[in-house]
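Everything quoted here is computed from the prediction, not taken from an experiment. All heavy atoms count here, side chains included; hydrogens, waters and symmetry mates do not. In what follows, chains carry the letters A, B, and so on, assigned in the order in which the sequence lines appear, proteins first and then strands, with residues in each chain numbered from 1.
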Amino acid sequence: MQHLNNDMDDLMRMAAEHYPLKPAGADWQKVARQLEVVEETSTASKAAQTGKRYLLLFTFLLASLVCNRYKDFGLWNRGKNAASTTAIPHNQTENSGRATGAGRDIAVVPGSKGSAAGLVKSIQKPMVSVPEAEKIILPAAMDQLDREEAQVSNKQPEKATIIQPVTSSAAADRVLKDPLIKNQLLQPPVVITGAPQGQSMIERPKEPVDENRKQEPSGRDKKMYAGLLVGPDISTVKLQEVKAAGYNLGVVLGYRMGKRWAAETGLYWGRKNYYTEGQHFNTDKLYLPTHAEMIEADGYCHMFEIPINVRYTFGQGAKSQWFALTGLSSYLMQKEEYNYVYKRYDILYNGSKYYKSASRDWLSVMNLSIGYERTWGRGGKVRLEPYLKLPLQGVGIGSLPLTSTGVQVGVTYPIR
Amino acid sequence: MEDLYGIIKGCIGNEHKCQKALYERYYGFAFKIVFRYIYRYDKVADVVNDGFVKLFRSVSGFICESGGEVERCLMAWMKKIMVNTAIDELRKNHLMPEIGGMPEQVWNQNDNSQNADQQVLYKELISHVKRLPPAYRAVFNMYVIDGYTHSEIAEQLGITVGTSKSNLFKAKAHLQKIINKDMQQTGICNI
């Protein structure tokens, strides 16, 4: 009787080294072909990865160029059309003098659009701070000012509308002489109109609204917004054959974190149609028969998508703006159905499988989009957003690297 | 030896001529390793070819620290790649048992009468190992013949160390039962 012990183990090792087997099936050509495919695949995947990196870099460069183009520093647009600015110098008697000394001051003349415009224009060009309480008339509007000042000195100030009542004239003076106000050439001139005794009124100059002027979104806007979005969807696995378009529809919820930045999330319901060759389909969960090899699969899914995105707004006009959006999405598959072809012992078979709620792919897709938004009605915004969704990992029962593109159209409203 | 150095260097440089030379030189060795793991004879060639593809892709990482024994290093490294490829194939099929016989033509007929009995014994032992269920077969081959530890086996097969030990015990018990049955049938004396 032979027993399996250490001696037996030695015998097994000897048997493994010397047993008489006839190796067959050596095929160098097959191996060489596989090596070529591997090299092409790795080159292609490297190229694809490099391409993706360049695409991302290009997207961000483009976004930064557009931002630089449209970003408003508030320097070159102010006062361009400030035609209705009116102001009266706080001390009319001092106004008759001409510019002396090194500093400059805002000498303003009431009721004269042209002069005010000229003044503001000439104020802006040299960006130097003005020393306190110096009354210097700017050279550009000097002659006209002389005439207008003469008119002003003979005129009684009219009663003005109270905008910001100040309790004492001393306080008004402080406002006038406040170095920040006077020295900041960016600010429009401050008007003091005639006021009851002991009280000064400061009227802020009105600036005309120019629709072409780019505006910063107001901080007083509501911070939260919600809306509905819908659109077609085209999905592909590794840029293979594209099947019929699917769709996306759902709600978006956003929170504004300042003038340009916002965070968005939402819940979408969608259908995606796609096709793949067998090598991209992970059959681990498919439970195909033994020795079966997937050849191709054709399928669709119904799913919930939960995006978490960050949005940057730029190119803002009075009624419209552009935005760029990026983030991650989670796909929660509700239904997947596949018709597939597999090979087993060189015979082709058809199969069909259907799965319910078979996979949850959290943060598995990267979102990229650039959109255009326009005001609609009272506070609403219509939004057009072409998007690209790139897979960070496989999704669904077959772990398919699904790339999707499409356009979402919808409307959002501020809610809070 | 210089020939082998040149071949390995050529493989690192992706020269097809050297790759082909290495393939033809060690195909039989690789085949015998994989044959112990994969039941079906016609499938073994596919697995060996896959193993060589992996080998050529990673040959630039081949290091032999003992300068004079390059061939030994190479064969040990090749063995590891072939075992891993065979295990991957078994795992792809979820370690499902396979059915079918072993055709006689796969065995080399040795005319040397001195070693004939030994060859027959070795052939029988390997045939018995191949008839083990895939999970037992893999553990037995890896532990007893290829020298893996239980923790390495567990990591490779995706099982626990306890399961690996249990499978080995069951494999040995299974083999013992088969061998005893054979002994009773043929009446061969203890060696």
Side-chain angles (χ1 to χ4, degrees), chain A residues 1-46 278-279 281-294 342-347 398-399, chain B residues 14 16 19-20 23-24 27-33 35-36 40-46 48-50 52-53 56-57 92-94 96-98 105-110 115 118-127 129 140-141 143-147 172-173 175-176 179-180 183 188 190-191:
Chain A
M1 289 286 271
Q2 264 185 339
H3 299 279
L4 282 176
N5 50 21
N6 287 339
D7 293 335
M8 195 61 192
D9 289 352
D10 290 337
L11 183 62
M12 279 294 183
R13 282 188 276 273
M14 288 291 291
E17 201 172 332
H18 298 294
Y19 73 98
L21 183 68
K22 205 187 286 181
D27 186 351
W28 164 247
Q29 292 303 323
K30 194 175 175 183
V31 172
R33 276 195 301 272
Q34 282 183 353
L35 279 172
E36 280 169 19
V37 167
V38 160
E39 280 167 16
E40 281 169 12
T41 309
S42 70
T43 311
S45 69
K46 275 182 196 165
Q279 68 262 31
F281 200 112
N282 186 333
T283 55
D284 286 353
K285 293 179 189 169
L286 218 59
Y287 300 110
L288 290 177
T290 319
H291 307 296
E293 181 191 331
M294 176 77 83
Y342 66 93
K343 187 167 75 171
R344 188 165 183 249
Y345 303 123
D346 292 326
I347 298 171
S399 291
Chain B
N14 252 348
H16 279 225
Q19 288 173 338
K20 187 180 175 189
Y23 176 80
E24 286 169 353
Y27 180 84
F29 167 72
F31 196 95
K32 285 178 81 170
I33 295 169
F35 184 77
R36 290 187 277 110
R40 282 186 51 188
Y41 183 76
D42 53 349
K43 193 69 186 166
V44 173
D46 291 338
V48 170
N49 289 336
D50 289 344
F52 271 104
V53 169
F56 290 131
R57 278 177 67 193
K92 211 161 65 167
N93 293 327
H94 306 287
M96 296 290 284
E98 298 166 37
Q105 57 264 28
V106 312
W107 305 109
N108 228 350
Q109 303 301 326
N110 195 345
N115 290 329
Q118 215 167 27
Q119 296 286 307
V120 168
L121 174 64
Y122 292 159
K123 178 189 126 186
E124 289 297 322
L125 288 172
I126 295 300
S127 298
V129 170
F140 183 86
N141 272 306
Y143 186 84
V144 172
I145 299 173
D146 295 317
K172 287 189 174 182
L175 280 171
Q176 187 173 2
I179 290 169
N180 288 345
M183 293 301 175
I188 295 174
N190 287 344
I191 296 175

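- Side-chain atoms of B:V144 and A:M8, non-hydrogen and from C-beta on, never get closer than 4.5 Å to each other.
- Side chain of B:K123 to main chain of A:P20: no donor-acceptor pair is present (N/O by atom type, distance under 3.5 Å, no hydrogens or angles).
- With sequence neighbours excluded, the residues forming a side-chain contact (heavy atoms from CB on, under 4.5 Å) with A:A292 are A:L288, A:P289, A:Y342, A:R344, listed by chain and number.
- Heavy-atom pairs under 4.5 Å with chain A were tallied for B:Y143, B:Y23, B:F56; the largest tally goes to B:Y23.
- For B:V129, the part lying near chain A is the side chain, with the backbone staying farther off; criterion is any non-hydrogen pair under 4.5 Å.
- Between the CE atom in A:M12 and the NZ atom in B:K172 there is a gap of 9.5 Å [rounded to 0.5 Å].
- The shortest distance between side-chain heavy atoms of B:K20 and A:V31 does not fall below 4.5 Å.
- From B:I33, atom CD1 reaches atom CG of A:L21 across 11.5 Å, with rounding to the nearest 0.5 Å.
- Minimum interatomic distance between B:N49 and A:G25 (heavy atoms only, all atoms of both residues): ND2-O, 4.0 Å.
- Looking at B:I126, only its side chain comes within 4.5 Å of chain A, counting heavy atoms on both sides.
- For the atom pair B:K32 NZ and A:Y19 OH, the distance stands at 6.0 Å (nearest 0.5 Å).
- For the pairing with A:P23, the side chain to side chain contact (heavy atoms under 4.5 Å, CB included) check across B:F35, B:F29, B:Y27 returns one residue only, B:Y27.
- Contacts of B:N14 classified as side-chain hydrogen bond (donor to acceptor under 3.5 Å, both in side chains), with partners at least two apart in sequence or in another chain: B:Q19.
- The closest side-chain heavy-atom distance from A:Q34 to B:D50 is below 4.5 Å.
- Listed here is the closest heavy atom pair of B:V53 and A:L35: O-CD2, 4.0 Å.
- Across all their heavy atoms, A:E36 and B:H16 have their closest contact at OE2-CE1, 4.3 Å.
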